[in-house]
2 protein chains.
Amino acid sequence: MSADPAVRREIPDATVARLPEYLRSLSRLAEQGVLSVSSEELAAAVGVRSAQLRKDLSHLGSYGVRGVGYEVDTLALEISRALGLTQDWPVAIVGMGNLGHALASYSGFVTKGFRIVALFDDEPGLRGEVVQGVAIQPFRELPARHALDPISIGVIATPAVAAQTVCDRLVEVGVRSILNFAPAVLSVPDDVDVRRVDLSTELQILAFHAQQKALGALEPVAAARGIDGRTPSEAVAT
Amino acid sequence: MSADPAVRREIPDATVARLPEYLRSLSRLAEQGVLSVSSEELAAAVGVRSAQLRKDLSHLGSYGVRGVGYEVDTLALEISRALGLTQDWPVAIVGMGNLGHALASYSGFVTKGFRIVALFDDEPGLRGEVVQGVAIQPFRELPARHALDPISIGVIATPAVAAQTVCDRLVEVGVRSILNFAPAVLSVPDDVDVRRVDLSTELQILAFHAQQKALGALEPVAAARGIDGRTPSEAVAT
DNA sequence: CAGTGTGAACCACTTCACAGCC
DNA sequence: GGCTGTGAAGTGGTTCACACTG
């Protein structure tokens with residue numbers, strides 16, 4: 001195996017998942033004119049431990065100053081670079097119901113690196129409607145649209161039944177990154193990356209924790225005196 | 001202590017996060033009239049390994065039949081029970097923009113266990129609009145609404161700037177489970193459970209993987225120099 | 001015998017604690 | 001002196017492989 005010294009690959013998935021949070025906090029700090037932060041401060045803002053933050057950042061390289069902290073701008077730039085946000089990612093949304101509209105209008109989209117280049121929906125009533133400067137077109141236009149200006153990321157916001165078909169078409173034209181909001185498991189080739197966001201899954205997880213709390217509460221025995229000051233041992237964490 | 005023998009608590013978070021997926025697949029199978037599945041089949045449908053599935057299910061109890069598999073109905077019921085879906089969870093949505101509308105209309109909501117009891121938005125133009133049988137009301141009505149029919153889960157679908165205030169009010173009246181769609185980190189007391197769903201985080205994670213793939217692709221010759229890629233062994237996984 | 005349930009090995013991530021540097 | 005960067009220890013989750021059972 002290789003112990004390549006000069007590399008910055010091999011960033012753990014768990015770290016990658018937190019980088020966007022760090023970036024968001026850094027952007028806010030930058031807006032407020034803050035020039036420098038310590039790992040302690042930034043970690044507090046994001047809601048992680050400072051050791052975790054430092055370890056995460058160490059995967060990107062050494063961008064802090066010992067005894068001082070991190071320069072906000074520099075760190076933000078390095079995280080952006082690591083995430084690939086210094087380049088432009090053309091995004092297409094398929095399915096322009098309420099969710100599709102919400103996504104298209106979502107401010108976070110426009111910000112860093114992402115650019116909506118196409119909106120698809122076969123509903124005749126939506127044909128031609130312009131959202132955020134982009135006109136909704138029938139999904140069959142995908143190949144032509146893609147040929148014109150290649151799509152990097154496809155967002156599926158259709159009903160579950162349509163999701164797999166839409167996904168297949170996207171993969172067909174060459175889209176390799178898919179964000180799926182439909183409650184369906186998509187099957188794709190190995191080289192395609194799918195992430196799923198699902199409301200009902202999240203609700204069910206909340207319900208589980210809520211139930212646990214409820215069950216714990218009516219556990220009379222152990223509560224010798226401690227209903228109030230829960231030991232800081234382990235709160236229900238995300 | 002806490003070695004309660006008669007309990008089946010202590011389900012790992014990672015398992016809890018997968019149970020909703022299992023449940024969804026089981027429901028689909030049930031619809032198709034399938035009566036029994038093996039761990040192999042169900043795992044394939046969900047996209048996990050069969051050993052993982054069996055281990056997960058073992059945390060709930062022993063509901064399979066050796067040499068045969070799992071009875072679809074029974075297993076679905078047990079998972080529902082474990083997740084707390086056999087009871088009713090009253091949900092309120094705050095912020096009825098496109099996203100709020102999308103969430104309110106989301107079919108997954110209505111299904112198991114979740115019931116929308118209130119929709120809030122201060123926008124005068126939305127006042128009184130009825131979505132899925134529930135009228136939108138000003139957020140200041142929260143305490144009254146909650147007193148009338150307590151809310152278990154609050155969904156925040158407001159802009160980021162309003163999120164913390166909305167969250168504080170929810171916590172104030174006693175809501176202990178919050179699903180946050182706003183791109184903001186909420187601070188809450190220990191006993192409140194917050195889950196965040198964030199579009200731009202997901203996009204950024206996709207962008208990272210896409211970039212990795214791109215870098216890997218132009219590796220064939222240039223490994224000698226500082227560029228380095230990764231071994232082609234394992235593809236980018238979620 | 002086919003397929004579950006599970007100890008044990010393995011692996012990834014987190015946390016600790018401190019050396020190193022500004 | 002203060003804070004980063006990081007080996008080492010600790011924790012939790014996954015995978016293996018097989019004993020067990022209907």
Side-chain angles (χ1 to χ4, degrees), chain A residues 1 3 5 7-19 21-22 26 34-72 74-75 78-79 82 205 232-238, chain B residues 2 8-19 21-22 26 29 34-72 74-75 78-79 82 205 230-231 233-234 236-238:
Chain A
M1 287 300 268
V7 287
R8 73 170 28 140
R9 291 315 111 202
E10 294 305 326
I11 302 178
D13 281 353
T15 293
V16 172
R18 282 185 296 266
L19 291 179
E21 309 293 334
Y22 301 157
L26 286 168
V34 178
L35 297 179
S36 166
V37 269
S38 66
S39 62
E40 202 69 58
E41 293 163 340
L42 184 53
V46 174
V48 303
R49 310 235 184 236
S50 63
Q52 170 113 271
L53 174 65
R54 290 199 302 277
K55 178 73 86 178
D56 282 341
L57 296 182
S58 75
H59 292 296
L60 314 188
S62 215
Y63 300 112
V65 181
R66 288 165 196 248
V68 179
Y70 301 86
E71 197 184 327
V72 172
T74 311
L75 188 54
E78 289 304 331
I79 293 178
I205 295 172
S233 56
E234 241 312 300
V236 184
T238 302
Chain B
S2 83
R8 68 171 32 131
R9 291 317 109 196
E10 294 304 326
I11 302 178
D13 281 353
T15 294
V16 172
R18 282 184 296 267
L19 290 180
E21 309 293 334
Y22 300 158
L26 285 168
L29 289 172
V34 178
L35 297 179
S36 167
V37 269
S38 66
S39 63
E40 203 68 59
E41 293 162 339
L42 184 53
V46 174
V48 303
R49 311 237 182 230
S50 63
Q52 171 112 271
L53 175 64
R54 290 201 301 280
K55 178 74 88 179
D56 282 342
L57 296 181
S58 75
H59 292 296
L60 314 187
S62 215
Y63 299 112
V65 181
R66 286 167 196 248
V68 179
Y70 301 87
E71 197 185 327
V72 173
T74 312
L75 188 54
E78 289 304 331
I79 293 178
I205 295 172
R230 28 148 42 171
T231 52
S233 58
E234 184 59 5
V236 184
T238 303

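Quick caveat, the model's predicted, so the values are computed rather than measured. Chain letters run A, B, ... following the sequence lines, proteins first and then strands; every chain starts at 1.
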On DNA chain D, does the nearest nucleotide to B:Gly67 precede the nearest nucleotide to B:Pro12 from the 5' side, or the other way round? Give the residue.
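Mapping each residue to its closest nucleotide by heavy atoms, the 5'-most match is B:Pro12.
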Rounded interatomic separation in angstrom, taking [atom1] from [X] and [atom2] from [N]:
X       : N      : atom1 : atom2 : value
B:His59 : C:dT4  : NE2   : P     : 16 Å
A:Leu53 : C:dC16 : CG    : P     : 15 Å
B:Gln52 : C:dA9  : CD    : P     : 20 Å
B:Tyr63 : C:dG5  : OH    : C1'   : 14 Å
A:Arg18 : C:dA12 : CZ    : C1'   : 11 Å

Output the single nucleotide from [options] whose closest atom is nearest the side chain of [X].
X       : options               : answer
A:Lys55 : C:dG5, D:dT6, D:dG13  : D:dT6
A:Asp13 : C:dC13, C:dA17, C:dT4 : C:dC13
B:Arg66 : C:dG5, D:dG7, D:dT4   : C:dG5
A:Ala51 : C:dC16, D:dT14, C:dT6 : C:dC16
B:Ser38 : D:dG5, C:dT4, C:dT15  : C:dT4
A:Tyr70 : D:dG5, C:dG3, C:dC16  : D:dG5

Do the side chains of [Y] and [X] get nearer than 4.5 Å, heavy atoms only?
X       : Y       : value
B:Val72 : B:Leu26 : yes
A:Glu41 : A:Tyr70 : no
A:Arg18 : A:Val46 : no

Under the criterion side-chain contact (heavy atoms from CB on, under 4.5 Å), I'd like the reasoning laid out for B:Val48 against B:Tyr22: C-alpha separation, chi angles, the key distance, then a yes or no.
CA-CA 10 Å; B:Val48 303; B:Tyr22 300 158; 4.0 Å; yes
At under 4.0 Å between heavy atoms, what does B:Arg49 touch on the DNA or RNA strands: base, sugar-phosphate, or nothing?
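Contact class for B:Arg49: sugar-phosphate only.
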Side-chain N or O of A:Ser39 versus OP1/OP2 of D:dT4: is the shortest distance under 4.0 Å?
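Indeed, a polar side-chain atom of A:Ser39 lies that close.
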